[in-house]
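Let me begin by presenting the structure, written as structure tokens, before commenting on it.
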Amino acid sequence: MSARILDGAAIAAEIQLEVRERTAKLVARGIVPNLTVLLVGEDPASQIYVRSKNRACHEAGMASATITLPADTPEAELLARIDRLNADASVHGILCQMPLPSHIDADKVLRRIDPAKDVDGFHPMNVGKLVLGDPTAFLPATPAGIQEILRRSDISTRGARAVVVGRSTIVGRPMANLLLQPGPGGDATVTVCHSRTRDLPAICREADLLVVAIGRAHFLGADAVQPGATVIDVGINRIADPTAKKGYRVVGDVDFDAVREIAGAITPVPGGVGRMTIAMVLQNTLLAAERQA
Ligand code: NDP
């Protein structure tokens, strides 16, 4: 039987509508939530992503600005820009688009952003709050978006055996922590796998919920999936496709066609997790504005 497709695009649209309604209430009080993005250099993927964030902000009734700096901007200048944004009461959320040029220490930059404006949730203060289960944490967009997909699709994680493949600080680790927290969207028994894990397929086959975030096209096949499991594919990989207009297409880390035949539910790529990321950044910006108000 073919798996239920978890429609991230529809859920993201639902969240963006909710954000718009809450934003209108703040605007009526004279507060316009403002997201300011720092973009250093001319990475084409980053430029597209930043444009999408700006568009989504405007659709939600928020203000957004992009500060574009040349690739050779000294680290000190970027840090000074962040200091000014931290001090600017009209700016509620600050993002520094990654990757940064190699002469800039990304950790230093992430630590410089005021945790109250850190809508990416990457500042150690927010990471610590997430681990401690403090509800005032800004949650990183991708894992928080996955949790929303599960909640809004009525997929219970309580007591479930969850396996997260990938231990990055932006996806795998925060995902594992969220699934572990007590309460809705949590209460799972979590295993985290990575490139040194022995017999990955056997561990994955034990999962009721499998979250895959490794960055390898079609890596995980049906042999690694328990029948009926929920499979969340975070991967965004370009593969050559001469029949596509651009010469490539985007696929996930999971072999979708094979796995959908065995899984109970699955997120597609594109149209799954990726669509949630911007919605969650908007939600965090709104939250930041509500708190600062
Ligand atoms: P990273 O490269 O930071 O981390 C990849 C992780 O996968 C590492 O922990 C690595 O293990 C693990 N890994 C790599 N190869 C294997 C393997 N063969 N077996 C088991 N584990 C392996 O990636 P990210 O977490 O940043 O991103 C992962 C994917 O998700 C990418 O395709 C990225 O584009 C996508 N992504 C999508 C987002 C969205 O909005 N949908 C947002 C963020 C990322 P080790 O630590 O041992 O090296």
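Just so it is clear, the structure is predicted and the values come from calculations on it, not from any experiment. First listed ligand is number 1; within each ligand, the first listed atom is number 1. Numbers here simply count residues along the sequence, with the first being 1.
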Identify the protein heavy atom lying closest to [atom], giving its residue, its atom name and the separation to 0.1 Å.
atom                    : answer
atom 12 (C) of ligand 1 : I214 CG2, 3.8 Å
atom 42 (C) of ligand 1 : T142 OG1, 3.3 Å
atom 11 (O) of ligand 1 : S195 N, 3.2 Å
atom 43 (C) of ligand 1 : V171 CG2, 3.7 Å
atom 40 (O) of ligand 1 : T277 OG1, 2.7 Å

Kindly write out the residues that satisfy salt bridge (Lys or Arg N to Asp or Glu O under 4.0 Å) with R112, not counting sequence neighbours, or none if the list is empty.
D83

Heteroatom distance test (I236, ligand 1): nitrogen or oxygen, under 3.5 angstrom
yes

Would you say ligand 1 has an N or O under 3.5 Å from any N or O of R167?
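Yes.
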
Proximity of R216 to ligand 1 by residue part, where a heavy atom lies under 4.0 Å:
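Under 4.0 Å from ligand 1, R216 contributes side-chain atoms alone.
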
Nearest 0.5 angstrom please: I94 CD1 to D118 CG, how far?
9.0 Å

If you round to the nearest 0.5 Å, how far is OG of S168 from CD1 of I214?
11.5 Å

Ignoring hydrogens, what is the shortest heavy-atom contact between V163 and C193? Give both atom names and the distance.
CG1-SG, 3.8 Å

Any side-chain donor paired with an acceptor under 3.5 Å for K117 and Q292?
no

How about T189 and R161: does a side-chain donor come under 3.5 Å of a side-chain acceptor?
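Side-chain D/A pair, T189 to R161: absent.
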
Counting heavy atoms only, name the option from [options] that's nearest to [atom].
atom                    : options               : answer
atom 29 (C) of ligand 1 : C204, G215, G252, A45 : G215
atom 36 (N) of ligand 1 : T267, I278, V234      : V234
atom 24 (P) of ligand 1 : G166, S168, G145      : S168

Residue [X] excluded, over 12 heavy atoms near [atom1] under 6.0 Å:
X    : atom1 : answer
R158 : CZ    : no
R152 : CZ    : yes
M125 : CE    : no
R291 : CZ    : yes

N237 touching ligand 1 at heavy-atom level, < 4.0 angstrom
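Contact present.
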
Judged by non-hydrogen atoms, does G172 sit under 4.0 Å from ligand 1?
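Heavy atoms of G172 never come under 4.0 Å of ligand 1.
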
Are any of the protein's heavy atoms under 4.0 angstrom from atom 27 (O) of ligand 1, yes or no?
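No.
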
For atom 2 (O) of ligand 1, is there a protein heavy atom at a distance under 4.0 Å?
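Protein heavy atoms within 4.0 Å of atom 2 (O) of ligand 1 - there are none.
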
Counting from 1, what ligand 1 atoms have a heavy atom of F219 closer than 4.0 Å?
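Listed by number with element, the hits are 17 (C), 18 (N), 19 (N).
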
